[in-house]
Student: 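The following block contains the structure, expressed as structure tokens.
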Amino acid sequence: MSRVAEDVKQDTDRDGPAPLWDLGTIVAGLRESRDVAHNIWQRGPSRRAPSREALAEVLKSLTEALFPRHYGRSDFGTESIDAFVEGKLGAALDGLLEQVYRGQTFVSDGAPTERHFEDAVTLTRDFAARLPEIRGRLVSDLRAAFVGDPAATSFPEILIGYPGMVAIIHHRVAHLLYNLGATMVARLIAELAHSATGIDIHPGARLGASIFIDHGTGVVIGETAIVGDRVRIYQAVTLGARHFPTDHEGKAIKGNARHPIIEDDVIIYAGATILGRIVVGSGSTIGGNVWLTEDVPPNSFVTQASVRSKISPR
């Protein structure tokens, strides 16, 4: 037993249990902060927030339904694979419905209503109807990774083992939910991918077909970014905002287009930072560690040296 533990035991034996913390004062202070001084809660009754853990299970089941022989089981016949997909899809959609409903009511000022539930059902149904489209996009991303990475030996290797592919699976799901109006759930799904892969893609960002994020760690793609088809992005690339317009009270104006547009067939090498609502023309290559804040014509090759040559000496 340590010296501190012995002293505590002696005090306890002599005087009875000694309080280590003034919990009553701390609790009262937190109540004051929560209810009066720093209140951030909406009006109305308490509501349950969406659950990250539940959404992780939804994503797991969805991924198994989309790619059952890779994420599910390999010993399928035609009928058994459909039964497996149906079971996984049913579980995923039931779970998603609850989280969408929670997300809608959690940010609402009033009490939950039947309309909230009906809206959540409609949204989840619309999402489900577009799952074949999502899978088609994901297969295009998978093919792009296989073609773009000489180290890739098979589709299963990429689908299961590449963090960029994991992030894109999450993003395709999150982006559709975001566009349908389930913005809180979409943000949580994006954050699940960020936590797992180090790739941070806002669910509002628009990614075209055949996207390949190679290695991926540190990639950041902002809310209003638009990325065309057949774009290849390496690790530590940022597609960010240069500045944040503010209103007359100095608050950031939300929703403005402030992130780059990357046209088709662009390659962006590691460490490049592309900021503001600029256009990188189709077929261009952006070299590593480039800091870019101006439009780039199509078929350009931009390096650190070429960017520095445009900066006038002070």
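Counting from 1, the numbers follow the sequence of the chain as shown.
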Student: Given the rule that I, L, V, M, F, W and Y join up when any side-chain heavy atoms are under 4.5 Å apart, are Ile226 and Ile201 in one cluster?
Tutor: no
Student: Between Pro163 and Ile199, what is the shortest heavy-atom contact and its length?
Tutor: O-CD1, 3.8 Å
Student: Any side-chain heavy atom of Ile221 sitting closer than 4.5 Å to one from His171?
Tutor: no
Student: Any sub-3.5 Å donor-acceptor pair from Thr124's side-chain atoms to Ala120's backbone N or O?
Tutor: yes
Student: Show me the side-chain donor-acceptor pairs of residues 175-188 shorter than 3.5 Å, one per line, residues at least two apart or across chains.
Tutor:
| unit_1 | atom_1 | unit_2 | atom_2 | d |
| --- | --- | --- | --- | --- |
| His175 | ND1 | Pro203 | O | 2.7 |
| His175 | ND1 | Ala205 | O | 3.1 |
| His175 | NE2 | Asn179 | ND2 | 3.1 |
| Tyr178 | OH | Glu223 | OE2 | 2.8 |
| Arg187 | NH1 | His202 | NE2 | 3.3 |

Student: Might you point out which heavy atoms bring Phe146 and Ser154 nearest each other, and give the distance in Å?
Tutor: CE1-N, 3.7 Å
Student: Any carboxylate oxygen within less than 4.0 angstrom of a Lys/Arg side-chain nitrogen, looking at Glu64 and Lys60?
Tutor: yes
Student: Among the clusters formed by ILVMFWY side chains lying less than 4.5 Å apart, do Val231 and Val302 turn up in the same one?
Tutor: yes
Student: Counting only N and O atoms by type, is there a donor-acceptor contact under 3.5 Å from the side chain of Ser284 to the main-chain atoms of Pro297?
Tutor: yes
Student: Ignoring hydrogens and geometry, is there a side-chain-to-backbone donor-acceptor pair from Arg258 to Asn256 under 3.5 Å?
Tutor: yes
Student: Please say which of Val227, Leu138, Asp229 ends up in a side-chain contact (heavy atoms from CB on, under 4.5 Å) with Ile211.
Tutor: Val227
Student: Just checking Arg277: does its CZ atom have more than 12 heavy atoms from other residues, nucleotides or ligands closer to it than 6.0 angstrom?
Tutor: yes
Student: Return yes if some donor-acceptor pair links the side-chain N/O of Ser140 with the main-chain N/O of Arg137 below 3.5 Å, else return no.
Tutor: yes
Student: With the 4.5 Å side-chain cut-off for hydrophobic clustering, are Leu239 and Val290 part of the same group?
Tutor: yes
Student: With a 3.5 Å distance limit and no angle check, can you tell me whether Ser51 reaches the backbone of Glu53 through a side-chain donor-acceptor pair?
Tutor: yes
Student: Can you confirm whether more than 12 heavy atoms, excluding those of Arg52, are under 6.0 Å from its CZ atom?
Tutor: yes
Student: Measuring from atom CG of Leu59 to atom NE2 of His170, what distance do you get when rounded to the nearest 0.5 angstrom?
Tutor: 4.0 Å
Student: Would you say Tyr269 ends up clustered with Val220 if hydrophobic residues are merged whenever their side chains have heavy atoms under 4.5 Å apart, either directly or through other cluster members?
Tutor: no
Student: If you measure from CZ on Arg206 to CD1 on Ile261, what distance do you get to the nearest 0.5 Å?
Tutor: 8.0 Å
Student: Quick one: does any side-chain atom of Thr197 pair with a main-chain N or O of Ala193 as donor and acceptor, under 3.5 Å?
Tutor: yes
Student: I'd like to know whether Phe155 forms a side chain to side chain contact (heavy atoms under 4.5 Å, CB included) with Val139, so could you lay out the CA-CA distance, the side-chain angles of the two residues, the decisive distance to 0.1 Å, and finally the verdict.
Tutor: CA-CA 9 Å; Phe155 290 153; Val139 169; over 6 Å; no
Student: Can Thr224 and His259 be said to form a side chain to side chain contact (heavy atoms under 4.5 Å, CB included), step by step?
Tutor: CA-CA 5 Å; Thr224 63; His259 300 97; 2.7 Å; yes
Student: Minimum heavy-atom separation for Tyr234 and His215, please, with both atom names.
Tutor: CD2-CD2, 4.3 Å
Student: Determine the minimum heavy-atom distance between Gly283 and Val266, stating which atoms define it.
Tutor: N-CG2, 4.1 Å
Student: List, by chain and then residue number, the residues other than Val121 in its hydrophobic cluster (Ile/Leu/Val/Met/Phe/Trp/Tyr, side-chain heavy atoms under 4.5 Å); write none if there are no others.
Tutor: Leu97, Tyr101, Phe117
Student: Under 4.0 Å between a Lys/Arg side-chain N and an Asp/Glu carboxylate O for Asp126 and Arg130?
Tutor: no
Student: Can you tell me if CD on Glu86 sees more than 12 non-hydrogen neighbours from other groups inside 6.0 Å?
Tutor: no
Student: Answer yes if Ile274 and Val279 sit in the same cluster of Ile, Leu, Val, Met, Phe, Trp and Tyr residues linked by side chain heavy atoms under 4.5 Å apart, and no otherwise.
Tutor: no
Student: Between atom CD of Glu57 and atom CG of Leu55, what is the distance when rounded to the nearest 0.5 Å?
Tutor: 10.5 Å
Student: Show, in sequence, the C-alpha distance, side-chain angles and deciding distance for Arg48 and Thr105, and conclude whether the side chain to side chain contact (heavy atoms under 4.5 Å, CB included) test is met.
Tutor: CA-CA 8 Å; Arg48 297 183 69 185; Thr105 57; over 6 Å; no
Student: Determine, step by step, whether Glu98 and Arg102 satisfy the salt bridge (charged side-chain N to carboxylate O under 4.0 Å, His left out) criterion, reporting the C-alpha distance in whole Å, the side-chain angles of both residues, the deciding distance to 0.1 Å, and the verdict.
Tutor: CA-CA 6 Å; Glu98 179 181 353; Arg102 285 194 193 184; 2.9 Å; yes
Student: Are Leu131 and Leu62 close enough, and set up right, to give a side chain to side chain contact (heavy atoms under 4.5 Å, CB included), and what steps lead you there?
Tutor: CA-CA 9 Å; Leu131 283 174; Leu62 275 178; 4.1 Å; yes
Student: Looking at side-chain heavy atoms only, is the closest gap between His116 and Ser108 below 4.5 Å?
Tutor: yes
Student: Taking the side chain as every heavy atom from C-beta outward, state whether Ile233 and Ile267 have any atom pair closer than 4.5 Å.
Tutor: no
Student: Minimum heavy-atom separation for Asn289 and Gln304, please, with both atom names.
Tutor: CB-NE2, 3.5 Å
Student: Angle class for the Phe67/His70 ring planes (parallel below 30°, perpendicular above 60°, tilted otherwise)?
Tutor: perpendicular
Student: Within this structure, what is the CD1-CD1 distance for the pair Ile134 and Ile168, rounded to the nearest 0.5 Å?
Tutor: 13.0 Å
Student: At what distance, to the nearest 0.5 angstrom, does CG of Leu30 lie from CG of Leu23?
Tutor: 10.5 Å
Student: First locate atom CD1 of Ile286, then atom CG of Leu292, and finally report the distance between them rounded to the nearest 0.5 Å.
Tutor: 5.5 Å
Student: Is there a donor-acceptor pair under 3.5 Å between the side chain of Tyr162 and the backbone N or O of Phe212?
Tutor: no
Student: Do you know which two heavy atoms are closest between Ala272 and Gly287, and how far apart they sit?
Tutor: CB-O, 3.8 Å
